[in-house]
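Below: one structure, written as structure tokens.
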Amino acid sequence: MDFHEESSPALAFEKDAFELTVEDVYDISYVVGRDLLRISRTGEEVSDLQFRIVRVLEMFETMVNKYNLSLEELKMERDNLKSELDRVVTESSTGQETQAVGANQMVVDLSDPNRPRFTMQELKEVLQERNQLKAQLMVAQEELQLYKSGILPQGKSAMVEVDLDAPAQNGAAAINDAKEEKTTIGKL
Amino acid sequence: MAKKTYDLLFKLLLIGDSGVGKTCVLFRFSDDAFNTTFISTIGIDFKIKTVELQGKKIKLQIWDTAGQERFHTITTSYYRGAMGIMLVYDITNAKSFENISKWLRNIDEHANEDVERMLLGNKCDMEDKRVVPKAKGEQIAREHGIRFFETSAKANINIEKAFLTLAEDILRKTPVKEPNSENVDISSGSGVTGWKSKCCS
């Protein structure tokens, strides 16, 4: 009989302290109260103890209540922050291509030492100069070869072939060509 | 009398998708060498090679362009001066073949009207990786009335033949000048801007 009666409220004693609910505290106080009642039937010195135990159980109730509420609050707070973070992350990843920067623009990382930083015009000029110097070197090498082999008499430079006119800019190219040609011929 | 170094100067241009082997084709022709490491051409580069055709010394100034789209504005500005253009695709790369029409349009837009064109299907040594049949190359070349070769810079197949054929085609169109007609009118803008006669000074 006893065993059967105690089985359900007494289970609260076996629970993990952090899992306790207020209902469990009521179960505990029920069991403790019942046990106290049995003792008080035999003597009367237990009444003071009984009040203290009730007081402790009340404090226990408050603490469990408070703990569970705080836990619930923190869980809600955490979930809110999580969804906020997700929102910010997706916004920044999609926003980079669509809203903050136009469709045909790109983001340049200014701390990247290998970032693009010269204009097409600058590259064009550098390449033109490189190719011009290369052509001049070839001409010089060719002339040197001729001087070395004794084919060319000193002081008579007939081999000026700087023909590396700037890339044809339509009309300007022909004039450029002609100009260079004249200087070549002039040296003959 | 000074010895002239060349009779004619032909300016050629190599175009085509990035990675089809334009630089390698040129390197094989100019230096008879091949390099397996891929270095993307920055903008525009050139090489010089002098050949002899029909008893004439012809200096070929061959412009090598970057195939990458980002250099497009730089490379197209070199089309105008070219007398011959080699359009290269890669027989193992279908996309490079599909883009031929795009490159031909570029030629129409930016090059001289009488520019001599040629189509090259490069990397023909890689038969096991071929995705563009030779017949398709021949067909598109026929449609546009231009010459076609399958080449391999690596295995040195048809490289010299292609350049010499292109040079011959240009030479055929070049009006023959008498040796004493030096100081030719080079402002005419025709295909003889490279003509120079330096003998008999």
Side-chain angles (χ1 to χ4, degrees), chain A residues 106 116 118-139 141-143 145-147 149-188, chain B residues 1-11 13 30 41-50 57 59-66 70-83 110-112 115 182-201:
Chain A
M106 67 171 180
F118 302 112
T119 65
M120 193 57 103
Q121 186 55 38
E122 286 168 329
L123 176 64
K124 206 168 173 174
E125 282 161 18
V126 170
L127 285 173
Q128 263 174 39
E129 189 179 1
R130 194 268 311 261
N131 288 335
Q132 240 149 36
L133 291 171
K134 202 166 140 182
Q136 283 169 15
L137 173 69
M138 284 178 179
V139 170
Q141 279 174 334
E142 221 166 80
E143 272 191 49
Q145 204 53 48
L146 289 174
Y147 279 119
S149 59
I151 294 170
L152 209 70
Q154 293 282 323
K156 216 175 182 190
S157 160
M159 237 60 58
V160 186
E161 304 167 17
V162 184
D163 214 308
L164 249 222
D165 35 26
Q169 293 286 35
N170 302 343
I175 299 161
N176 211 347
D177 255 8
K179 222 169 117 190
E180 286 197 34
E181 205 74 17
K182 264 180 205 152
T183 59
T184 305
I185 291 158
K187 283 178 188 172
L188 290 174
Chain B
M1 192 166 100
K3 185 178 181 285
K4 57 183 174 182
T5 50
Y6 64 90
D7 303 304
L8 291 160
L9 172 72
F10 289 169
K11 293 183 185 181
L13 186 76
S30 65
T41 302
I42 296 175
I44 185 114
D45 198 358
F46 78 97
K47 284 198 178 284
I48 300 271
K49 169 114 174 166
T50 306
K57 276 194 174 145
K59 189 166 192 160
L60 301 176
Q61 183 181 65
I62 307 153
W63 292 96
D64 179 23
T65 63
R70 60 198 180 114
F71 294 116
H72 196 239
T73 52
I74 287 182
T75 54
T76 50
S77 66
Y78 284 78
Y79 282 46
R80 183 73 60 198
M83 298 146 83
H110 301 284
N112 285 331
V115 68
E182 67 181 303
N183 298 352
V184 286
D185 175 23
I186 39 78
S187 58
S188 64
S190 69
V192 292
T193 50
W195 174 265
K196 279 183 194 174
S197 178
K198 293 208 182 69
C199 63
C200 322
S201 58

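Bear in mind the structure is a predicted one, so any value in this text is a computation, not a measurement. Per chain, numbering begins at 1; letters A, B, ... match sequence-line order.
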Taken in chain and number order and not counting sequence neighbours, the residues that satisfy salt bridge (charged side-chain N to carboxylate O under 4.0 Å, His left out) with B:K49 are none
Side chain, backbone, both or neither: which part of A:M120 has an atom under 4.5 Å from a heavy atom of chain B?
-> both
Min side-chain heavy-atom separation A:Q128-B:I44 under 4.5 Å | no
Flag the pair B:T73 / A:K124 as yes when at least one side-chain heavy-atom distance between them is below 4.5 Å, and no otherwise.
-> no
Closest contact, heavy atoms only, A:N131 versus B:Y78 = ND2-OH, 4.3 Å
Might you point out which heavy atoms bring B:F46 and A:K134 nearest each other, and give the distance in Å?
-> O-NZ, 2.7 Å
First locate atom [atom1] of [X], then atom [atom2] of [Y], and finally report the distance between them rounded to the nearest 0.5 Å.
X: A:L123; Y: B:I74; atom1: CG; atom2: CD1; answer: 4.0 Å
X: B:I48; Y: A:Q141; atom1: CD1; atom2: CD; answer: 11.5 Å
X: A:M138; Y: B:Q61; atom1: CE; atom2: CD; answer: 8.5 Å

Residues which pass side chain to side chain contact (heavy atoms under 4.5 Å, CB included) with A:E122, listed by chain and number, not counting sequence neighbours | A:F118, A:T119
